[in-house]
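A quick write-up on the structure given underneath.
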Amino acid sequence: MELSPTYDPSTVEDKWYSYWMDHKFFHSEPDSRTPYTIVIPPPNVTGILHMGHVLNNTLNDVLIRKARMDGKNACWVPGTDHASIATENKVIQKLEAEGIHKEDLTREEFLKYAWEWKEEHGGIILKQLRKLGASCDWDRTRFTMEPELTKAVVNTFVYFYKKGLIYKGVRMVNWDPERLTALSDEEVVYKTTKRSFYYLKYFISDGKGKPTDKYIVIATTRPETIMADAAVAINPEEEEFHWLRGKKVLIPLINREIPIIEDSYVKIGFGTGCLKVTPAHDVNDYAIGLRHNLPVLDIIDDHGRLNEKAKILVGEDRFAARKKIVKMLEESGNLDHIDNNYESEIGYSERTNAVVEPKLSAQWFLKMDELAKTALASVDEGRVKLIPDKYRNTYRHWMENVHDWCISRQLWWGQRIPAYYLPDGRYVVESTLQEALEAAKKLDPSVKAEDLRQDEDVLDTWFSSWLWPISVFDPDMPGHPDHKPNRDLSYYYPTNDLVTGPDILFFWVARMIMAGDEFMGKEPFRNVYLTGIVRDSQGRKMSKQLGNSPDPLTLIQKYGADSVRIGMLLCASAGNDIFYDEKQVIQGRNFCNKIWNSYRLIKGWTVDEKLEQNDVNKLAVKWFDSKLNQAIETVEDHYSKFRISDALMTIYKLFWNEYCSWYLEMVKPAYGEPVDKATLEATLSFFDKLLKMIHPVMPFITEELWQDLAPRKDGETIMREKTPAAGEWDEKLLSDFDSAMEAVNGIRAIRQQKQISPKNALKLMVKGGFPEEMYPVVSKLANTESIEKVEDFGSSDGVSFMVRTYEMFVPLKGLVDVDEEIKKLEAELEYQKKFLETTRKKLSNENFTAHAPEKVVATERKKEQDSLSKIATLEAQLKSLK
RNA sequence: GGGAGCAUAGCUCAGUUGGUUCAGAGCGUCUGCCCUACAAGCAGAGGGUCGGGGGUUCAAAUCCCUCUGCUCCCACCA
């Protein structure tokens, strides 16, 4: 293979990805090996790859590739979720563009369009993941709304219903009166809006429904809802209003009598301190209503108009009604005053921009208390580990304050709730229409299939995804805890690690733990690695509006997938937000190029079989072998703690600094010269290990080079090689080498200062016990013509420097400014004296010597000794200079 | 309003149970180099009173208190 001077990923990546796919290297089947399983956090089927996915899936891929190379049977299950809200909205938008309105379609017609859309556009993201190098087992690709998984979801609903955990309740939803649909919280945009604050007089009733001359004033922004009032609330702590206790007041205009109640929800000092309670049209009022058993009177219809229950202004739009009623209240003398300088947050529909109307509606709920208790224990008792563990607090807080889960959604795209209504309004819950009919017949023998009406609502998408780690392997399991898990589920469950964002810790992670506990009696994973949010370099969230979200595929095209992966991981410590900057990808690209060129260098060497391995090479090989082994252990430790970016950085530095800058420079033959066989073999073997170490992070370039490194057969791949194991290392050798490197650095610094070219060989004199076996290394890398061990430097015409406690000297005739040297030495002497002083102060402190561990005291004594000897040396030098 | 977290070099972060030569890395910055692997590079250098204040200790970036600034989650105000 001819190698170009720079690495070109475009010629490499598709080639190897196809090779991996063709050989089914990603595919896993149960066998005798230990499994290592990850299920993908299913992206929206409508989604396209963004930087958050890149981060998440890069981490997943690193973990899965590492596990595969560690000899595990690695299985990464990919797939998508049907994302009810997002998908339904996209389909609606598309249809609107064609002039088709959802309201004009039947459910079946709409779903047909939706499936067509899904087939056409869905799953793009999975194709994109391949570009990133994701080694998913594509044969196992799943979709949360495919028939099998839908069955799992429906069965689960029936199971919990029959267990008594699912019930029908009332809940306030965000209603869009224009589109006539309920909105999810995410679809409501809150905007600060200037409004009028109306102060209304409510007269005290005389007990017979007639007003007295006493009144109270309440403040409201929605005077058109007063006809739905159920009470006026005061704070029990507020003595000013105690005279109202037990009294009743009359709603203006309609003169309906409502009680004064006391509730601590009312804030003292806000408004007038008297709150009109309207349970049907305000979330908080509804809660108060529940506490005080107040009647619920709904006076606004689906279109936002007052209905006949309002008694007055029937048929008027809520805003028109507001204007009119204010006038009426003014005329009746019930308007105290209007404050027009009031601002508050109002929810608007994301799509129609209509003001959202809180509306009571029937919904399905899943009781969470028991499930949450078990799921909390799973984390508390360490069966599921959160990384970083600061999220344990957050998790606990949520689980202890859990609300019942509202699982119904007023949409069509999703799993329809398997509740079937009889004509009389009673209902049965069964998995299929057939079973429902049988059950219904027990209630009413005359009932026929066509009489049964299935619930219109679908289930929350999370109600599918919480089954994901189970259902992807065995869709028959959820809903049937007594079912015997199939082969796949028994083998792959529980999965090992889950990588996801902290924003869905509760929505998804906690609920998966609940489902796992419920159906498998086992948590679905052992470790949950929570990533941060990807932000731009200024710390802003990535968003389409800001245009600060780069397209990952463009980046991959420009820099290569390996570079993008590196760029993401470099700054990705767990739990911290990621500040993405293209600079990091460039750094990754540069690293690819470094690896590439180090290979070009080695590849260009010619070997001379008869050549003896020289001392420098012998040492270099021994040293790098030690260095490598030490690094392998460090990397393993980082991985075991999920410190992926630290693991990457360790290998990065090992490759770039130790291998390229030091090792290769040491063993590199002079231009045109051959290298000895032993050194070449060692060099190639090191390179092979380095490639394997970095492969999980950089799959493409490593495969490309590994394939070229030695003759390979078809079907061989670096991805199925073993992670290099850490061998022994020689501490003394490493330490001696550090000294040698310091000496080299010292000489290089002198060259820089004195403008001496690296080509001019220098003399070096050494005092003290600097290890002699390191001389050849220093000589080669610092280009010295001689290294001499002396008692005395003999002359002062040169530059001295210290390496640890060894004194070194480079004679430089005529190049040295004596005054400058003296200054430098004096500064150093000053510093050493001060250092000695602090050390001695510590040592003379009896408390220190008495309390501190012996080891620490010994260190201090060593410091004192070293310092003393340095001072003596410096003083001698100064004397000779002067 | 309720809860959680963060603050270490210009930037992004390490710093394990307080204690091995007055705090480390990567990137960036500055200086000198195209020395035939790589200028997407090489060599060298500078840069931090560990947010402020107080306390515990022989010893604090590390433990405690307090102040300041920022972030996130939950509930959202008639």
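- At G41(B), one or more side-chain N or O atoms of Asn590(A) fall inside 4.0 Å of OP1 or OP2 (strictly under the cut-off).
- For the C1' atoms, the distance from U17(B) to C33(B) is 48 Å, rounded to whole Å.
- Residues passing the ring pair (Phe, Tyr, Trp, His ring centres under 6.0 Å) test with Phe507(A) are Trp462(A), sequence neighbours excluded.
- Going from the C1' atom of U56(B) to that of A14(B) covers 27 Å, rounded to whole Å.
- When distances are taken from the side chain of Asn657(A) to each of G26(B), C58(B), C77(B), the shortest belongs to G26(B).
- The interatomic distance linking Trp662(A) (CH2) with G44(B) (C1') rounds to 12 Å, in whole Å.
- Stem analysis of RNA chain B (Watson-Crick or G-U pairs, both distances under 3.5 Å, runs of at least three) returns B:1-7 with B:68-74, B:10-13 with B:24-27, B:29-33 with B:41-45, B:51-55 with B:63-67.
- The nucleotide whose nearest atom lies closest to any side-chain atom of Gln587(A) is, among C27(B), C58(B), C73(B), C27(B).
- Taking atom C1' on both G47(B) and A25(B), the two are 14 Å apart, rounded to the nearest angstrom.
- Of the possible donor and acceptor atoms, one in the side chain of Arg751(A) sits under 3.5 Å from a partner among the backbone N and O of Asn760(A).
- Phe848(A) places its CZ atom 13 Å from the C1' atom of G18(B), with the value rounded to the nearest Å.
- Aromatic ring orientation, Phe591(A) versus Trp656(A): parallel (interplanar angle below 30°, classes split at 30° and 60°).
- Taking the six-membered ring where tryptophan is involved, the planes of Phe687(A) and Tyr599(A) are essentially parallel, since the angle between them stays under 30° and well short of 60°.
- Computed from coordinates, the Leu530(A) CG to C72(B) P distance equals 17 Å when rounded to whole Å.
- Straight-line distance between the C1' atoms of G48(B) and C22(B): roughly 13 Å, to the nearest whole Å.
- Contact annotation: Arg748(A) reaches the phosphate of G44(B) (side-chain N/O to OP1 or OP2, under 4.0 Å).
- Using a 4.5 Å cut-off on side-chain heavy atoms (C-beta onward), Pro252(A) and Ile226(A) make contact.
- In this pair, Trp398(A) and Phe506(A) present their aromatic rings parallel. The plane angle is below 30°, not in the 30 to 60° band.
- Within 4.0 Å (heavy atoms only), Arg643(A) reaches sugar-phosphate atoms of the nucleic acid but no base atom.
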* Asked: Stepwise, does the side chain to side chain donor-acceptor pair (under 3.5 Å) test hold for Arg600(A) with Asn597(A)?
  -> CA-CA 5 Å; Arg600(A) 273 181 75 209; Asn597(A) 275 293; 2.7 Å; yes
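- Checking Thr849(A) against Lys583(A), the closest nucleotide of RNA chain B that is more toward the 5' end is the one next to Lys583(A).
- With 3.5 Å as the limit, one finds a donor-acceptor pair spanning the side chains of Lys276(A) and Thr225(A).
- A4(B) atom C1' lies 16 Å from atom CH2 of Trp398(A), rounded to whole Å.
- Within residues 272-286 of chain A, the residues approaching RNA chain B are Gly273(A), Leu275(A), Asn284(A), by heavy-atom distance under 4.0 Å.
- Taking the nucleotide of RNA chain B with the nearest heavy atom to each of Asp646(A) and Ser867(A), the more 5' of the two is matched to Asp646(A).
- None of Asn340(A), Thr220(A), Asp339(A) except one satisfies the side chain to side chain donor-acceptor pair (under 3.5 Å) rule with Ser196(A); the exception is Asn340(A).
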With 3.5 Å as the limit, what N/O pairs link the protein to nucleotides 5-10 of chain B?
| from | atom 1 | to | atom 2 | distance (Å) |
| --- | --- | --- | --- | --- |
| G5(B) | OP1 | Asn393(A) | ND2 | 3.3 |

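- Across Leu530(A), Thr531(A), Leu505(A), a single residue satisfies side chain to side chain contact (heavy atoms under 4.5 Å, CB included) together with Thr500(A), and that is Leu530(A).
- At the heavy-atom level, Phe591(A) lies nowhere under 4.0 Å from the strands shown.
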* Let me have a per-nucleotide readout for nucleotides 31-38 of chain B, 5' to 3', with B, S or -, counting only protein heavy atoms under 4.0 Å. => BS---BBB
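- Using atom C1' as the reference point in both G53(B) and C72(B), the two lie 27 Å apart (nearest Å).
- Atom OG1 of residue Thr839(A) and atom NZ of residue Lys841(A) lie 11.5 Å apart, to the nearest 0.5 angstrom.
- Atom CD1 of Ile566(A) sits about 11.5 Å away from atom OG of Ser645(A), to the nearest 0.5 Å.
- A salt bridge links Asp708(A) to Lys603(A): at least one charged side-chain nitrogen sits closer than 4.0 Å to a carboxylate oxygen.
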* Tell me, with the steps shown, if Leu691(A) and Ile595(A) meet side chain to side chain contact (heavy atoms under 4.5 Å, CB included). => CA-CA 9 Å; Leu691(A) 286 181; Ile595(A) 296 174; 4.3 Å; yes
* Asked: Can Val217(A) and His337(A) be said to form a side chain to side chain contact (heavy atoms under 4.5 Å, CB included), step by step?
  -> CA-CA 10 Å; Val217(A) 178; His337(A) 70 284; 5.7 Å; no
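- Here, G69(B) and G55(B) have their P atoms 24 Å apart, quoted to the whole Å.
- Separating the P atom of C35(B) from that of C42(B) is a span of 15 Å, rounded to the nearest Å.
- Within the 4.0 angstrom heavy-atom criterion, no nucleotide atom of any strand lies near Lys855(A).
- Few gaps surround CD on Glu742(A); more than 12 heavy atoms of other groups in view lie less than 6.0 Å from it.
- As rounded to the nearest Å, G5(B) and G46(B) have C1' atoms that lie 34 Å from one another.
- Listed nucleotides: G26(B), G44(B), G19(B). Nearest to the side chain of Lys653(A): G26(B).
- Note: CD (Glu860(A)) to P (A59(B)) measures 13 Å, nearest angstrom.
- Of all the residues in residues 556-568 of chain A, not one reaches under 4.0 Å from RNA chain B with any non-hydrogen atom.
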